[in-house]
**Student:** 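Structure below; questions to follow.
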Number of protein chains: 2
Amino acid sequence: MNKPATIKDIASYCGLSVATVSRVMNDKGPIKADTAERVRQAVDALGYAPSMAARALKTASSSVIGVILPSLTNPVFAETASGIQQRAREQGLTPIILSSDYDLSLERSAVATLLGYQVEGVLLTVNDAASSDALARLDKEGVPYCLMHNVPRQQVCGYIGVDNYRAAAEVAVYLADLGHRCIGMVSGDFQRTDRARDRHAGFLAGLRYRNLELAQLVQVDPVNAVGLTGEIHRVYEQAGSAPTAWFCSNDLLALATIAKLQLLGIRVPEDVSIVGFDGIQAGTLRQPNLASIRTPNAEIGAAAVDQLLTNKRGIPGQTGRTLGHQLLMDGTVAPPPDHLS
Amino acid sequence: MNKPATIKDIASYCGLSVATVSRVMNDKGPIKADTAERVRQAVDALGYAPSMAARALKTASSSVIGVILPSLTNPVFAETASGIQQRAREQGLTPIILSSDYDLSLERSAVATLLGYQVEGVLLTVNDAASSDALARLDKEGVPYCLMHNVPRQQVCGYIGVDNYRAAAEVAVYLADLGHRCIGMVSGDFQRTDRARDRHAGFLAGLRYRNLELAQLVQVDPVNAVGLTGEIHRVYEQAGSAPTAWFCSNDLLALATIAKLQLLGIRVPEDVSIVGFDGIQAGTLRQPNLASIRTPNAEIGAAAVDQLLTNKRGIPGQTGRTLGHQLLMDGTVAPPPDHLS
DNA sequence: CTGTTAGCGCGTTCAG
DNA sequence: CTGAACGCGCTAACAG
């Protein structure tokens, strides 16, 4: 690994001073066209890349932003990362993307890591915005940040997300108006993330609005849907009123639920309707399409970059906003079977 | 954004010299237990995080590794990124993950960006290892790298992947031995990536080994599967021998193909068998499971980190290796319908 | 065991 | 329009 060319190398190669080279690299101050050209040639010839480390040290600004996501493989966060990536590139920022694996201590250490890189700001999704050490640390250090997907009650530096509560309520009303009277919910452990809680609460509220109760609540490990098979089995084995519709707190759970139902010989949506949440691609790569709430995940990422930049410039005004969601109520959703409606 | 504490702040806070603080931070040299404790307290109190920029400048090593992937949302690369992330954390390295969006010029500029951060090395998947400017640049700068998913013919710094050719050939043989005689392939544009080419070539070879020809080749835009509907339609409208089995060069294409076939009233696998490639999660979240080749994507990422470290230490020996794949030949694969076998 | 100091590569004065 | 010199925060070498 031969050591990289420095600004000095360029300077001596051109017979100029480092100051002049620096000016050319940054388009600062008046430079003779001829000089600039010579420098560019040298840069090309020697493969010079300015050291971001030295630059950061000198200017006290790194053009790096930190990103902390619960998972890189979950399509929701992958799309978010992709949106961040793209917008950051446009803005001349380099993201350092870290995964917390839904682990609070990794959330904390990720913040610590990013602090060392003197990031301009941090974009992050935390398990629970109301009680996050990570956020507390960022507040304490005065590093601007923007939450993604979390829509906190308390005052925070910035946030971008969707209205999980409202969206879930809309699903409940939709299913009720379709004639469903016995409705269940499959949720990831909603003690763990504020999103799961909001979706649960919103769904209950929507049902109540139509004078319905939640007939069944199945809670499973959200990563591997551990226990789902058993629970589904249990519900449909006991005689009596099993739900004709299920709302699942995310699409991955919804797809898993459909697969389990099919194994029991239950047809979707003829016998049972299923609605997910997130609108991931896998849901559209099947027949019938998975009914879901589509959330603008990439836009959330991009908007978070913008929000961060706004905060940094100290522009007063809103600290965040919710983006619109979209009900995709076809495919795996249908009225209940005749005799049950 | 209050400015971060520096080593000097800690030093004066404790009434010590910066050197001592530095020693404590890096566990270097003998330190009185009491002194160390005082430093730790100060670090905690002031929220001090050593500046990676200054450290990199001084030590000429950044503990940052660069990562360039064609996409962050494709599950294959998302899993790879996740594997990298995890192993890098264990090794005290911080990855900077960039997406090239399958774009050659972004591939190049991503390398340029990473060079500025004095990365210890680069892990990357390129469109075509045999003709990559990005690789050429890395070679020229003497930056260690490790290809992921690309398994190049020429000598490179390092690589980790699966044997696409062999895996595809195994699928061909499997389908042939199941009784299929009329077999098609759905491929992403295989002029674009070496993986698609290898899979195509391997599949042809496997068929030839069983004295078969490829009955149909459908090429589509690999990102959105543009044109797939039309092509499938065309094949099954013309009377005569339509394939009883399709090999798709990745799972996303396979799932899209199944959906299209179902829209034409063709059942999978009763009428037509479908095999994908990659073994992504979406394939297992359906009934029947998608038949596929499972590739160890996260392990490829993790192994690439290891390979990079090996290369850096200049340990002689192999420059890379292929990891094993796994045939998952159930679910959407079955013998051809009786009258056609 | 601890302190002093040079210098990593760069951008930014201030002179010329 | 260009050059010389300083210092950002840190580690390593040397001194005590």
Side-chain angles (χ1 to χ4, degrees), chain A residues 1-40 42-43 46-64 92 113 115-120 141, chain B residues 1-40 42-43 46-64 92 113 115-120 141:
Chain A
M1 183 160 180
N2 43 32
K3 61 174 63 136
T6 76
I7 197 171
K8 271 190 195 165
D9 298 326
I10 303 295
S12 67
Y13 183 91
C14 301
L16 291 166
S17 74
V18 293
T20 305
V21 177
S22 172
R23 288 191 196 98
V24 173
M25 296 304 291
N26 303 303
D27 291 323
K28 291 243 175 93
I31 297 285
K32 249 199 326 194
D34 165 59
T35 310
E37 189 49 34
R38 266 165 61 210
V39 171
R40 283 188 224 298
V43 167
L46 305 191
Y48 168 65
S51 157
M52 298 310 282
R55 184 173 286 180
L57 204 54
K58 182 64 197 173
T59 64
S61 84
S62 59
S63 43
V64 171
T113 300
L115 255 18
Y117 288 96
Q118 316 240 71
V119 292
E120 309 280 340
E141 305 293 342
Chain B
M1 183 163 178
N2 42 29
K3 62 174 63 136
T6 76
I7 197 173
K8 270 189 194 166
D9 298 326
I10 303 296
S12 67
Y13 183 92
C14 301
L16 291 166
S17 75
V18 293
T20 305
V21 176
S22 173
R23 288 193 196 98
V24 173
M25 297 302 292
N26 302 303
D27 290 322
K28 291 240 174 95
I31 298 283
K32 246 199 327 195
D34 164 59
T35 312
E37 190 47 35
R38 266 165 62 211
V39 171
R40 283 189 225 299
V43 166
L46 305 190
Y48 168 67
S51 157
M52 298 311 282
R55 186 174 282 181
L57 202 56
K58 179 65 192 176
T59 64
S61 83
S62 59
S63 46
V64 171
T113 299
L115 256 17
Y117 288 96
Q118 317 242 69
V119 292
E120 307 282 341
E141 305 292 342

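Side chains included, hydrogens not; waters and symmetry mates left out as well; all remaining heavy atoms used. Every chain is numbered from 1, with letters handed out A, B, ... down the list of sequences. Treat the numbers as computed from the prediction; the structure is a model and nothing was measured.
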**Student:** For residues A/P4 and B/L115, determine if any side-chain heavy atom of one lies less than 4.5 Å from a side-chain heavy atom of the other.
**Tutor:** no

**Student:** Identify the 5'-most and 3'-most nucleotides of DNA chain D with at least one atom closer than 4.0 Å to a non-hydrogen atom of chain A.
**Tutor:** D/dC1 to D/dG9

**Student:** Would you mind reading off the bend of the helix from C/dC1-D/dG16 to C/dG16-D/dC1 from its two end axes, five pairs each, to 10 degrees?
**Tutor:** 40°

**Student:** I'd like to compare against my own output: the B/S/- annotation of nucleotides 5-12 of chain C with a strict under-4.0 Å heavy-atom distance to protein.
**Tutor:** -BBBBBBB

**Student:** Quick check: does any side chain N or O of B/Q118 sit under 3.5 Å from a backbone N or O of B/S61, one acting as donor and the other as acceptor?
**Tutor:** no

**Student:** Nearest 0.5 Å, what's the CD1-CG distance between B/I31 and B/N26?
**Tutor:** 10.0 Å

**Student:** Does B/R55 offer a backbone N or O that forms a donor-acceptor pair with the side chain of B/T59 under 3.5 Å?
**Tutor:** yes

**Student:** Could you walk me through whether B/R23 and B/V39 satisfy the side chain to side chain contact (heavy atoms under 4.5 Å, CB included) test, starting with their C-alpha distance in whole Å, then the side-chain angles of each, then the deciding distance to 0.1 Å, before giving a yes or no?
**Tutor:** CA-CA 10 Å; B/R23 288 193 196 98; B/V39 171; over 6 Å; no

**Student:** To the nearest 0.5 Å, how far apart are OG in A/S12 and CG in A/L46?
**Tutor:** 8.5 Å

**Student:** With side chains defined as the heavy atoms from C-beta onward, is the minimum distance between B/R38 and B/L16 less than 4.5 Å?
**Tutor:** yes

**Student:** Decide yes or no for B/S22 and B/V18: does some side-chain heavy atom of the first lie under 4.5 Å from some side-chain heavy atom of the second?
**Tutor:** no

**Student:** Once you round to the nearest 0.5 Å, how far does CE of A/M25 lie from CZ of A/R40?
**Tutor:** 8.5 Å

**Student:** What is the distance from atom NZ of A/K58 to atom CG of B/L57, rounded to the nearest 0.5 Å?
**Tutor:** 12.0 Å

